[in-house]
Participant: 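Take a look at this one; I'll ask things after.
Only heavy atoms go into these numbers, but all of them, side chains included; no hydrogens, no water, no symmetry mates. FYI, the numbering just counts along the sequence from 1.
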Amino acid sequence: MEPTYALFMTIAKLVLIITLAIIPFLLGVFANISTRHHRAFFIIGRIVSILLAIFIAVILSFFITFATDELYSTQQTYILASYACGLTVAFLPLSTFYFTTWKKTKKQRARYLIISFATFFLILSGFEFLYNRAFGFVFQTEREELSINEFYTNHPEADKNSDINVFASIQNGVREFTANISVYKDSIILKTIESKYIGDSNPEIDSCYRNDLPPDLIQDIIEEITYYQQEIEYSPFADACLHPSASIELADNRNTTTIKLYLPDLDEYHPNARRLVKKIASLVNDSKIDPTKGCSN
């Protein structure tokens, strides 16, 4: 997930914990400092804490049940775990009031309050984790191994005499960029085509050819494709925007193997996929492709 979302959820959890704990905390403090109305504040605090706990339990139960009824794709194990984890938060008002009125020293009460707050922060983090996996949207990359013949059937323009062929197609809105990288023993060749679709008209197409690619970067790209592992991320929401995506294939003629990667949602998720695509795109500045001058970095 994006760092901004993680920061927002951290702040939201802290605010929620403070909000749920502040009323029983204040009632517990009044019960401690009041000499004339100690018993009244103690009884009121206990009643309010119990009512808050019941309210939290009911709201969470209704919320999860409603989500279960409304959503089609849910994971039962995570739903049950969300119930158990989420309902534990209902004990926050009770524990706060209990530790505030506990007949211990102020130092001991403060220590246990800090432990209690930290525990509930972890419980809320677990609830968020489980809820996203039970009801959230799944954003996943794909990796599969194909036969070498499938690669050349799909890409007849690729050179079978090279050691390695890399085909990459990167889409971002109306722009589509394809790159064919052929690696030989003594040279590396890049052929690219960029298409830009505007309305219903024919696409604007630019292409370029380059044979001065940096070997270290190409080797790095090949290794990242070879050892790439699928990435999966969950989110409680999804938008209707068309996210950048990429399809990358690597054909190793020496070992007669082909690796195919499908990498969607590059602007929101999958940091390893994003890094790999940026390295491939860095070989060509796709906004300045000039057929007469070749590719420019």
Side-chain angles (χ1 to χ4, degrees), residues 140-197 202-231 242-266 270 272-297:
Q140 183 175 5
T141 60
E142 298 177 12
R143 182 187 191 277
E144 61 178 326
E145 295 189 9
L146 308 173
S147 69
I148 198 77
N149 292 331
E150 288 182 79
F151 176 84
Y152 287 109
T153 299
N154 296 331
H155 307 288
E157 73 283 3
D159 189 353
K160 295 182 180 181
N161 296 319
S162 63
D163 291 336
I164 291 176
N165 277 309
V166 175
F167 174 82
S169 175
I170 304 171
Q171 298 85 34
N172 187 3
V174 298
R175 306 178 77 117
E176 180 176 0
F177 167 69
T178 62
N180 284 283
I181 303 173
S182 299
V183 180
Y184 303 89
K185 291 181 180 179
D186 54 356
S187 64
I188 304 172
I189 296 175
L190 169 69
K191 299 176 183 178
T192 67
I193 297 177
E194 181 190 31
S195 302
K196 184 177 181 181
Y197 296 85
N202 294 326
E204 299 176 4
I205 298 178
D206 292 315
S207 62
C208 70
Y209 173 94
R210 182 179 174 186
N211 59 4
D212 60 341
L213 300 179
D216 291 342
L217 178 56
I218 298 302
Q219 183 60 36
D220 191 29
I221 290 172
I222 291 172
E223 289 182 3
E224 288 215 26
I225 297 173
T226 303
Y227 299 107
Y228 179 83
Q229 298 296 320
Q230 291 185 180
E231 296 174 88
L242 185 63
H243 295 265
S245 62
S247 177
I248 301 172
E249 296 177 60
L250 182 147
D252 189 338
N253 292 322
R254 297 166 301 187
N255 300 318
T256 63
T257 59
T258 300
I259 297 171
K260 183 175 182 179
L261 308 178
Y262 176 60
L263 313 173
D265 308 299
L266 292 175
H270 319 312
N272 294 335
R274 207 158 48 226
R275 184 178 67 247
L276 173 59
V277 170
K278 283 182 178 179
K279 288 180 179 180
I280 295 175
S282 71
L283 298 173
V284 177
N285 185 342
D286 55 77
S287 63
K288 295 182 180 178
I289 291 180
D290 187 335
T292 62
K293 296 181 181 178
C295 308
S296 60
N297 289 344

Participant: Nearest 0.5 angstrom please: I222 CD1 to I164 CD1, how far?
Facilitator: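 Between I222 CD1 and I164 CD1, I get 4.0 Å after rounding to 0.5 Å.
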Participant: Could you tell me whether D220 and K279 have a side-chain N and a carboxylate O separated by less than 4.0 Å?
Facilitator: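 K279 and D220: salt-bridged.
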Participant: Looking at N255 and T257, would you say the former's side chain and the latter's main chain have a donor-acceptor pair under 3.5 Å?
Facilitator: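 Here the side-chain-to-backbone pair does not exist.
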Participant: Apply side chain to side chain donor-acceptor pair (under 3.5 Å) to Y184 and D159, showing your working.
Facilitator: CA-CA 10 Å; Y184 303 89; D159 189 353; 2.6 Å; yes
Participant: Between D252 and T256, is any pair of side-chain heavy atoms under 4.5 Å apart?
Facilitator: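 Result no, sub-4.5 Å side-chain heavy-atom pair not found.
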Participant: Show your reasoning for whether side-chain contact (heavy atoms from CB on, under 4.5 Å) applies to H243 and L266.
Facilitator: CA-CA 7 Å; H243 295 265; L266 292 175; over 6 Å; no
Participant: Going by atom types only, do N165 and S162 share a side-chain donor-acceptor pair under 3.5 Å?
Facilitator: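 Indeed, the side chains of N165 and S162 share at least one donor-acceptor pair under 3.5 Å.
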Participant: Short question: side chain of E142, backbone of L263 - any donor-acceptor pair under 3.5 Å?
Facilitator: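 Checked: no pair found.
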Participant: Within the 4.5 Å heavy-atom criterion, are Y152 and N253 side-chain neighbours or not?
Facilitator: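 Side chain of Y152 against side chain of N253, heavy atoms only: contact under 4.5 Å found.
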Participant: Starting at CD of Q230, measure out to CD of E144 and round the result to the nearest 0.5 Å.
Facilitator: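 Those atoms lie 9.0 Å apart.
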Participant: Which heavy-atom pair separates E157 from N180 by the least distance, and what is that distance?
Facilitator: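 Heavy atoms only, the tightest pair is OE2-OD1, 3.7 Å.
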Participant: Donor-acceptor check, side chain of R275 to backbone of E224, threshold 3.5 angstrom: yes or no?
Facilitator: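 No; zero donor-acceptor contacts below 3.5 Å.
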Participant: To the nearest 0.5 Å, tell me how far T258 OG1 sits from I148 CD1.
Facilitator: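 It comes to 3.5 Å.
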Participant: Roughly how far, to the nearest 0.5 Å, is the OG1 atom of T141 from the CD1 atom of I248?
Facilitator: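 Nearest 0.5 Å value for the CD1-OG1 distance: 10.5 Å.
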Participant: Pairing donors with acceptors under 3.5 angstrom, does anything connect the side chains of E249 and S247?
Facilitator: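 E249 vs S247: no donor-acceptor pair found between side chains.
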Participant: Would you compute the distance between atom CD of Q229 and atom CG of N272 and round it to the nearest 0.5 angstrom?
Facilitator: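 It comes to 9.5 Å.
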Participant: Say whether, by atom type as modelled, one donor and one acceptor occur between the side chain of R143 and the main chain of I259 under 3.5 angstrom.
Facilitator: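 Between the backbone of I259 and the side chain of R143 there is no qualifying donor-acceptor contact (under 3.5 Å).
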Participant: Working to the nearest 0.5 angstrom, can you tell me the gap between T226 OG1 and Q219 CD?
Facilitator: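 One gets 8.0 Å once the value is rounded to the nearest 0.5 Å.
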Participant: With the side chain counted from C-beta on, respond yes when V166 and I225 share a heavy-atom pair under 4.5 Å apart, and no when they do not.
Facilitator: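 With C-beta onward as the side chain, the pair touches.
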